[in-house]
Amino acid sequence: MKKIISYTSIALSSMLLLSTSSFAETQVKEPTAHAIKHWGYTADVGPSHWGKLNTKFRMCSEGNTQSPINILPTSDIDLPALDLNYTTGSKSVINNGHTVQVNIEDGSVFNIEGMAYKLKQFHFHTPSENNINGASFPLEAHFVHATDDGKLAVVAVMFKEGDANPILTKVWKKLPTLEVGKAVSCGLSAKEVKALMPTDKDYYKFMGSLTTPPCSEEVKWHVFKTPLTISKAQIETFFKLYGHGNNRPVQATHKRIIEE
Ligand SMILES: [Zn+2]
């Protein structure tokens, strides 16, 4: 349990503060032996190497409920509606060097079995990380929630190519001038945050992990079946930020239960 919590705190701090550490690292010419080696999506720091970059990342190669996955439902049950109570808007938007992340003001909660998972941030991957019945999407958003003792729950939204997304237009407007590691305000209301989820809230549910180092497991995943749309130009704007995709390839599902 202790191990999970410490991974989780690393995970959370890396998700929330990565910008600072990766930014600092690029300025250190000779990192000490104890420094966490920078990870990325290409070449020798890409996903297939994550588990070897640092002992703290070993779940990336040793875990057996890793994310993302190709979602092939194994059981059709009557899943309860997601109890999402989003009442706060954005605090800031940041390009942390791996993704664009919108941090949320305290107060929005996802209740799961009597426990409050607080919405911390949402961020994006292109192309999508999870696949649904073998299909990939051009963009996937992850809404990251955590309990006070560090348990994690993610709600994922797929985007397919179509009309421009008006909420993303507002966020994307900040991208061209967004300095890596520097948070700026992006002025999304609670209503706009909620509008980044489909009206049809049917979803898939399964256990998984963070899709970035340290790849901590015990993460509760919820993926909406219905995608929203994003324009081709919006996809390109995001892709150009990094010059490559920022999606981890799908991982083995092993004997995982995937409910719908
Ligand atoms: Zn993510």
Side-chain angles (χ1 to χ4, degrees), residues 7-19 21-22 38-42 45-47 50 57 59-60 63 65-71 82 84 90 92-104 108 110 117-132 136-146 150-159 165 167-168 171-172 175 180 183 193 196-197 203-224 227-228 230 234-235 238-239 241-242 244-251:
Y7 278 151
T8 305
S9 68
I10 293 161
L12 268 183
S13 60
S14 68
M15 282 191 288
L16 300 170
L17 302 169
L18 236 173
S19 46
S21 64
S22 62
H38 185 71
W39 60 271
Y41 288 97
T42 55
V45 293
W50 289 351
F57 297 173
M59 286 309 278
C60 301
T65 50
Q66 288 287 293
S67 286
I69 55 167
N70 177 27
I71 300 168
L82 296 181
L84 298 163
S90 65
S92 59
V93 59
I94 189 166
N95 172 359
N96 65 21
H98 300 294
T99 188
V100 170
Q101 179 175 309
V102 175
N103 298 314
I104 301 295
S108 289
F110 175 16
Y117 288 73
K118 299 171 177 174
L119 176 62
K120 302 290 179 183
Q121 44 102 342
F122 61 84
H123 61 263
F124 302 91
H125 299 274
T126 186
S128 69
E129 297 206 296
N130 290 297
N131 285 200
I132 297 178
S136 160
F137 293 79
L139 190 84
E140 179 174 350
H142 290 157
F143 291 74
V144 181
H145 311 74
K151 293 184 180 70
L152 296 173
V154 177
V155 175
V157 180
M158 296 298 183
F159 291 82
N165 183 289
I167 318 291
L168 294 190
V171 180
W172 265 218
L175 301 189
V180 174
V193 172
L196 274 175
M197 292 183 169
Y203 64 98
Y204 302 104
K205 182 185 170 191
F206 48 90
M207 292 304 291
S209 73
L210 298 177
T211 66
T212 56
C215 306
S216 323
E217 298 192 329
E218 305 287 328
V219 178
K220 293 179 195 292
W221 277 86
H222 313 79
V223 179
F224 286 125
L228 297 179
I230 183 172
Q234 286 180 317
I235 299 162
F238 186 84
F239 189 85
L241 269 190
Y242 306 105
H244 54 74
N246 67 338
N247 66 327
R248 185 188 196 193
V250 291
Q251 306 292 304

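In listed order, ligands and their atoms are each counted from 1. Fair warning: this is a prediction, and the values are worked out from it, not measured in the lab. In what follows, residues are counted from 1 in the order of the sequence shown.
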Decide yes or no for [X] and [Y]: does some side-chain heavy atom of the first lie under 4.5 Å from some side-chain heavy atom of the second?
X: Leu84; Y: Met197; value: yes
X: Val155; Y: Tyr203; value: no
X: Ile132; Y: Phe137; value: yes

Heavy-atom closest pair, residues Ile69 and Asn130: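 Closest approach of Ile69 to Asn130, heavy atoms only: N-OD1, 3.0 Å.
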
Could you give me the CA-CA distance, side-chain angles and deciding distance for Trp221 and His142, then say whether side chain to side chain contact (heavy atoms under 4.5 Å, CB included) is met? CA-CA 10 Å; Trp221 277 86; His142 290 157; 3.5 Å; yes

Just by distance, do the side chain of Arg248 and the backbone of Ser67 share a donor-acceptor pair under 3.5 Å?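 Checked: pair present.
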
Within less than 2.8 Å of the Zn ion (ligand 1), how many protein N/O/S atoms are there?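 Of the protein's nitrogen, oxygen and sulfur atoms, 3 lie under 2.8 Å from the Zn ion (ligand 1).
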
